[in-house]
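Report on the following structure.
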Amino acid sequence: MKIQFLGIKNQVEKSGCSSCGSRQVSKHTFQREARMVLPSGQVKTFYVGEVYNVMEQDGEFLLKQMYGLDGQNVKMFKAG
């Protein structure tokens, strides 16, 4: 199975005042690599944009991986 790592976007901070109308600013960082232990026992480092061939069981596991950003769930991988 082919999968592609999409990266992880993290919200760092918000600044501003909602009561006085001051401008709110959010800063984000983008994680371009992730190291994971797969169900097959293999340890693998994934880089953004790269397509990887993985076993079917590992691919299904990776496609279910999500993280939260601004109250929404975002997928970390997509089928390649």
Side-chain angles (χ1 to χ4, degrees):
M1 172 180 242
K2 290 186 178 186
I3 55 104
Q4 183 178 19
F5 180 56
L6 302 174
I8 301 171
K9 192 174 183 181
N10 296 311
Q11 184 172 349
V12 177
E13 68 178 62
K14 278 188 177 179
S15 62
C17 180
S18 59
S19 61
C20 71
S22 178
R23 190 172 138 214
Q24 288 195 350
V25 177
S26 293
K27 293 184 180 180
H28 292 89
T29 61
F30 188 69
Q31 186 177 333
R32 291 176 170 79
E33 65 181 57
R35 187 172 183 182
M36 300 185 79
V37 178
L38 304 177
S40 63
Q42 191 179 27
V43 177
K44 197 167 186 99
T45 302
F46 297 96
Y47 298 95
V48 169
E50 297 289 324
V51 177
Y52 297 91
N53 281 320
V54 295
M55 296 187 334
E56 193 73 26
Q57 176 188 12
D58 292 341
E60 294 298 326
F61 169 78
L62 292 170
L63 290 174
K64 293 178 185 173
Q65 299 305 303
M66 302 180 109
Y67 64 94
L69 180 67
D70 296 328
Q72 296 181 339
N73 288 331
V74 182
K75 291 188 173 193
M76 294 172 56
F77 294 88
K78 73 174 184 176

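- Between the side chain of Y52 and the main chain of G80, no donor-acceptor pair closer than 3.5 Å is present.
- Note that CD of Q31 and CZ of F5 are 6.0 Å apart. Values are rounded to the nearest 0.5 Å.
- Annotation: the span from Q4 atom CD to K2 atom NZ amounts to 11.0 Å, rounded to 0.5 Å.
- Taking the side chain as every heavy atom from C-beta outward, F46 and I3 approach each other to under 4.5 Å.
- Pairs passing the side chain to side chain donor-acceptor pair (under 3.5 Å) check and including a residue from residues 39-48, sequence neighbours excluded, read S40-D58.
- Using a 4.5 Å cut-off between side-chain heavy atoms of Ile, Leu, Val, Met, Phe, Trp and Tyr, V43 falls into a hydrophobic cluster with V37.
- Pairs engaging residues 71-80 under the side chain to side chain donor-acceptor pair (under 3.5 Å) rule: none recorded [sequence neighbours left out].
- The shortest side-chain heavy-atom distance between F61 and V54 does not fall under the 4.5 Å cut-off.
- At least one side-chain heavy atom of I8 sits under 4.5 Å from a side-chain heavy atom of M76.
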| request: Go through the steps for M1 and L63 under the test side chain to side chain contact (heavy atoms under 4.5 Å, CB included), then give the verdict. | output: CA-CA 11 Å; M1 172 180 242; L63 290 174; 3.8 Å; yes
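- Residue M36 is not grouped with residue V51 when hydrophobic side chains (ILVMFWY) are merged at heavy-atom distances under 4.5 angstrom, including chains of intermediate members.
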